[in-house]
Amino acid sequence: MTDVFVEDVTRATAARVADRCSNPSCRRLTSGPHNDRRKSLTLGLAVHIATTSPAGRRYDPLLADHEHGAHGNAIWLCQNCANVVDHDVVLYPASVLRAWKRAAEENVGSMR
């Protein structure tokens, strides 16, 4: 198992929330212009909802190995929120992250 999502999962996770942080209190844009006009900056991260390691603080023993690296276990967050979420699993359990993800994906259509 790996701690990093494959590029396709990362891109899809970001796109499904319009490159915005999934934390409903943040919703910061996570992409922007690069000095090379053929590129863009990515200021967000695909974060594991359930950790890949049994020693992890949000490990889900019911999650199959192949699901750890799948889109369903990824949430898109800005770097600040990713850091906070990673360090406070009591305040941000998997259930909260799944709710954020679901709401962020559902609300993309209503963004203008």
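Predicted model, so just to flag it, every value in this text is computed and none were measured.
- In this structure Ser31 satisfies the side-chain contact (heavy atoms from CB on, under 4.5 Å) test together with Asp19, Leu29, sequence neighbours excluded.
- Partners of Asn35 under the side chain to side chain donor-acceptor pair (under 3.5 Å) rule, at least two apart in sequence or in another chain, do not exist in this structure.
- For Arg98, there are no side chain to side chain donor-acceptor pair (under 3.5 Å) partners two or more places apart in sequence or in a different chain.
- Scored by the salt bridge (charged side-chain N to carboxylate O under 4.0 Å, His left out) test, Glu105 finds Arg16 as partners (sequence neighbours excluded).
- Every pair passing salt bridge (charged side-chain N to carboxylate O under 4.0 Å, His left out) that includes a residue from residues 5-15 is listed here, sequence neighbours excluded: Glu7-Arg11, Asp8-Arg11.
- A side-chain donor-acceptor contact under 3.5 Å links His68 to the backbone of Thr51.
- Considering every non-hydrogen atom in both Asn73 and Lys101, the closest pair reads N-NZ, 4.5 Å.
- When every heavy atom of Ser22 is checked against every heavy atom of Val17, the shortest pair comes out as OG-CG1, 3.7 Å.
- The hydrophobic cluster around Leu97 extends to Leu45, Val47, Ile49, Ile75, Leu77, Val84, Val85, Leu91, Tyr92, Val96, Trp100, counting ILVMFWY residues whose side-chain heavy atoms fall within less than 4.5 Å of a member.
- In this structure the side chain of Cys78 reaches within 4.5 angstrom of the side chain of Cys26, judged on heavy atoms.
- Listed by first and then second residue, the salt bridge (charged side-chain N to carboxylate O under 4.0 Å, His left out) pairs involving residues 66-90 amount to none (not counting sequence neighbours).
- Counting only distance, with no hydrogens or angles, the side chain of Thr42 and the backbone of Gly44 share no donor-acceptor pair below 3.5 Å.
- A centroid separation of 6.0 Å or more is found between the aromatic rings of His71 and Phe5.
- With sequence neighbours excluded, the residues satisfying side chain to side chain donor-acceptor pair (under 3.5 Å) with Asn83 are His87.
- Summarising the geometry of Val9 relative to Ala70, their closest heavy-atom pair is CG1-C, 4.1 Å, with the distance given to 0.1 Å.
- Asp36 meets the side-chain contact (heavy atoms from CB on, under 4.5 Å) test with His34, Arg38, Lys39; sequence neighbours excluded.
- In the hydrophobic clustering (ILVMFWY side chains linked at under 4.5 Å, chained through shared members), Val90 stands by itself.
- Interatomic distance, CZ of Arg20 versus CZ of Arg28, reported as 10.5 Å (0.5 Å rounding).
- In this view, Thr30 and Trp76 satisfy the side chain to side chain donor-acceptor pair (under 3.5 Å) rule, not counting sequence neighbours.
- Minimum heavy-atom separation, Arg27 to Cys21: NH1-O, 2.6 Å.
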